[in-house]
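A short worksheet on the structure shown next.
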2 protein chains.
Amino acid sequence: MTTRLNRERVLRAAVALADESGIDSLSMRRLAQELDVVPMALYKHVANKEQLLDGMLDSVVGEIDPPEPGPDWRHVVRRRILSARQVLLRHRWAYRVIESRTAPTPAVLGYLDSMIGVFRDGGFSADLTHHVMHAMGSRLLGFSQELFDDSKAGAGSAGPPDPAVASALAKRYPRIAELAAAAAHDGGSVVGGGCDDQFEFEFALDLLLDGFERLRERGWTSAR
Amino acid sequence: MTTRLNRERVLRAAVALADESGIDSLSMRRLAQELDVVPMALYKHVANKEQLLDGMLDSVVGEIDPPEPGPDWRHVVRRRILSARQVLLRHRWAYRVIESRTAPTPAVLGYLDSMIGVFRDGGFSADLTHHVMHAMGSRLLGFSQELFDDSKAGAGSAGPPDPAVASALAKRYPRIAELAAAAAHDGGSVVGGGCDDQFEFEFALDLLLDGFERLRERGWTSAR
DNA sequence: ACCTGAACACCGTTCAAGT
DNA sequence: ACCTGAACACCGTTCAAGT
C-alpha cells in the first residue's frame, strides 16, 4: 500500500522523470505509471498538463539562491545569474518549459522582482532598469539560446567524425570552418565541440553588464 | 483534378498553415487535409515531420535579405539582423522551430557563414568573432526570448483589466509594478503592455554591437 | 512512381462510475 | 474525497496494397 498521492509528490516525480528521461518523455500517462496510479488520478492534484509544467517550473526556480546583498550591484547580479545557470544545468528541460509558458509563474515573477530590486538599489533609474531587464531577457535565468547546439555537434573523444564530410562543409561554409579551427586551437578539441559554454555565457553577460554600468554612469534616459 | 503533389507545394502549404493557425495546429494529418490528400501521401515528399520543419525553416531563412556590403561592419550587421527580425515577425512560429532543431539547417549555416564574413571583413579576429557570434546567439536571427510575453499580458484597448488584481500584484511584486508604471508614463499605455518590442530589441542589439566595437578597437583576445 | 487504407502505439482529457 | 475504466478525438508513422 503506497502513500497517498498529493501535489508535492506529483511535482517531485515529474521533475525527476524530466531530469532522467527528458521533457519529451513526460506525459501524463507515463507520469501516472511512474507513480503506480491510473492517469486520471493525477487530475485531482493538478488541473492539467499546463499547470503541471508551471508547478515544475516554480519548483526549479525555487532552487536558485536568493540574492546575497552587497554594495556592488554588478557582483550581486552576476553571482545570482550564474547560480540560476547552475540550476538550469541541473534541469536541462527547464529552459524549454520557460519558453513555452504563456504567462510567467509566481516564482518567476518573484525572481524578476528581486532582480529589479538589485538594479534599483544599485542606482539604476526605473527607466534604465526596464530596458536593462528586457536586454537581459532569458539570460536573467541563466540561459541563452544558441543557434547550434555544441553538445550534439561533433562531440566525442575521437577526432572529426569524417574528414571527407568535414572538408566538404569547410568548402561550403569557409567562414564557419575558420572559426571552428580557431576555437580548436585554444582550449577546444573538435570542430564544433571546442566551445566552452561557461566562457561564452560569461563573455556575453559581462559585455552586457559593462554596457549597463556605462549607461548608468552617464545617466542615460530613453527620452521617448 | 488537382496538381500533383511535390516538396515545394507541401512546404508552401505547411508555412501557410503555420502562419494562419500557429505551429501547434501543424500536424501531418491536418496538413494533408489542407492539401486534399491522405496523410501518408506527404511521406513521399518529406521523410518525416522533423524534415518538414527543417524545410519550412530553410524557406523562411531564405526570405532574409542578403547582406548589403558596405564599409561599416556595424551598419551591415545591424541592417541584416533587423531584416531577419522582420521576417521572423511575419512567421511568428519560426523562432520556436529554430529552438527545437537539434542541428542547424543548410540555410541557417549559410546565413551564419555570411554573417561571420561581415565581422571578419570588418577587422575582427577569428577569436573575437567566435565569441561575438556566441554572444549574439539567437539575436543573429532577429529574435530574443523574453521572460514575459507582452503580447498576451494585459493588452487590449481598455485600462488595466481589474484594479483589485492589479493592486494585489503591485503589493506582491512592488519592483515590477514600479517598472510597469514607469513604462506606462512614456509611450506605453497599459501595465505590461506598454513595451515597445522594436525599441527593446534595438537597445540590446546596439549595446552588444557597441561592446563588440570596443573590444575590436583594443585588440581583445580571449587568451586562453 | 505515386497515392491509399488499415493498423499500431501513443497522446490529453471528459464523463460517469466506483469505493 | 479520492481513485478508476471506458471512451473520445486526436497524434506520427509502418506496412502492404492499390493504380
Side-chain angles (χ1 to χ4, degrees), chain A residues 1-59 93-94 96-103 105, chain B residues 1-59 93-94 96-103 105:
Chain A
M1 170 249 208
T2 62
T3 10
R4 189 73 140 291
L5 219 55
N6 58 44
R7 198 181 143 85
E8 190 59 29
R9 239 162 66 77
V10 170
L11 290 182
R12 207 191 307 280
V15 168
L17 180 56
D19 284 350
E20 277 167 39
S21 321
I23 196 69
D24 289 337
S25 302
L26 180 79
S27 68
M28 297 299 273
R29 292 171 121 103
R30 173 86 193 275
L31 176 58
Q33 189 181 302
E34 214 78 15
L35 286 161
D36 266 320
V37 107
V38 94
M40 283 317 298
L42 301 175
Y43 286 79
K44 268 277 120 71
H45 306 98
V46 120
N48 50 34
K49 194 175 181 184
E50 291 295 287
Q51 209 196 81
L52 174 72
L53 292 171
D54 279 351
M56 294 169 67
L57 191 51
D58 276 355
S59 125
W93 47 271
R96 283 178 171 282
V97 173
I98 294 168
E99 280 165 6
S100 73
R101 240 75 298 270
T102 162
T105 64
Chain B
M1 170 251 205
T2 62
T3 10
R4 190 71 140 293
L5 219 56
N6 59 44
R7 196 181 145 85
E8 190 60 28
R9 238 162 67 74
V10 170
L11 290 182
R12 209 190 306 280
V15 168
L17 181 56
D19 284 350
E20 278 167 38
S21 320
I23 197 69
D24 289 337
S25 302
L26 181 80
S27 68
M28 297 299 272
R29 293 171 119 105
R30 172 86 192 275
L31 177 58
Q33 188 181 303
E34 214 80 13
L35 286 162
D36 266 321
V37 107
V38 94
M40 282 319 296
L42 301 175
Y43 286 79
K44 269 276 118 71
H45 306 98
V46 120
N48 49 35
K49 193 176 181 184
E50 292 295 287
Q51 210 195 80
L52 173 72
L53 292 171
D54 279 350
M56 294 169 67
L57 191 51
D58 275 354
S59 125
W93 47 271
R96 281 177 174 283
V97 173
I98 294 169
E99 280 165 6
S100 72
R101 241 77 295 274
T102 162
T105 64

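Atom set for the values below is all heavy atoms of this structure, side chains included, hydrogens, waters and symmetry mates excluded. Chain letters run A, B, ... following the sequence lines, proteins first and then strands; every chain starts at 1.
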Does anything in residues 14-24 of chain B reach DNA chain D, meaning a heavy atom under 4.0 Å, and if so which residues?
none

My understanding is that only one of Asn48(A), Asp54(A), Leu52(A) makes a side chain to side chain contact (heavy atoms under 4.5 Å, CB included) with Glu50(A); could you say which?
Asn48(A)

Met40(B) CE - dC11(D) P separation (whole Å)
15 Å

Nearest-angstrom distance from the residue atom CD of Gln33(A) to P of dA9(C)
15 Å

Classify Met28(A) by what it touches in the nucleic acid, base, sugar-phosphate, or nothing, heavy-atom distance under 4.0 Å.
sugar-phosphate

Choosing from dG12(C), dG5(C), dT13(D), which nucleotide comes nearest the side chain of Pro39(B)?
dT13(D)

Out of dT13(D), dC3(C), dC15(C), which nucleotide sits closest to the side chain of Leu5(B)?
dC3(C)

Using atom CG of Leu35(B) as one end and atom C1' of dC3(C) as the other, report the distance to the nearest whole Å.
13 Å

Among Asp58(A), Leu26(A), Val46(A), find the one that has a side chain to side chain contact (heavy atoms under 4.5 Å, CB included) with Leu53(A).
Leu26(A)

Pairing partner (Watson-Crick or G-U wobble, both distances under 3.5 angstrom) of dA16(C):
dT4(D)

Rounded interatomic separation in angstrom, taking CG from Leu26(B) and C1' from dC11(D)
12 Å

Quick check: does any side chain N or O of His45(A) sit under 3.5 Å from a backbone N or O of Leu5(A), one acting as donor and the other as acceptor?
yes

Might you work through the side-chain contact (heavy atoms from CB on, under 4.5 Å) test for Asp24(B) and Trp93(B), ending with a clear yes or no?
CA-CA 9 Å; Asp24(B) 289 337; Trp93(B) 47 271; over 6 Å; no

Return the CZ to CG distance between Arg96(A) and Leu57(A), rounded to the nearest 0.5 Å.
14.5 Å

Arg30(A) and Ser25(A) have their tightest heavy-atom pair at CG-O, 3.5 Å

Sorted by number, residues from residues 41-55 of chain A placing a heavy atom under 4.0 Å from DNA chain D are Ala41(A), Lys44(A), His45(A)

Length of the CZ-C1' vector between Arg7(A) and dC2(D), whole Å:
17 Å

The side chain of Ser27(B) is closest to which nucleotide in this list: dT14(D), dC11(C), dC11(D)?
dC11(D)

Output the rounded distance in Å from CZ (Arg29(A)) to C1' (dA9(D)).
12 Å

Gap between atoms CZ and P, on Arg4(B) and dT19(D) respectively (whole Å)
17 Å

Let me confirm one number: the CZ-CG distance from Arg9(B) to Leu11(B), rounded to the nearest 0.5 Å.
12.0 Å

From CZ of Arg30(B) across to P of dG12(D) the rounded distance in Å is 12 Å

Can you name the closest pair of heavy atoms from Leu35(B) and Ala13(B) and give their distance?
CD2-CB, 3.8 Å

Give me the distance, rounded to whole Å, that separates dA9(D) from dA9(C) when you measure between the P atoms they each carry.
22 Å

Restricting to non-hydrogen atoms, name the atom on Ala32(B) and the atom on Pro39(B) that form the minimum distance, rounded to 0.1 Å.
CB-CA, 3.5 Å

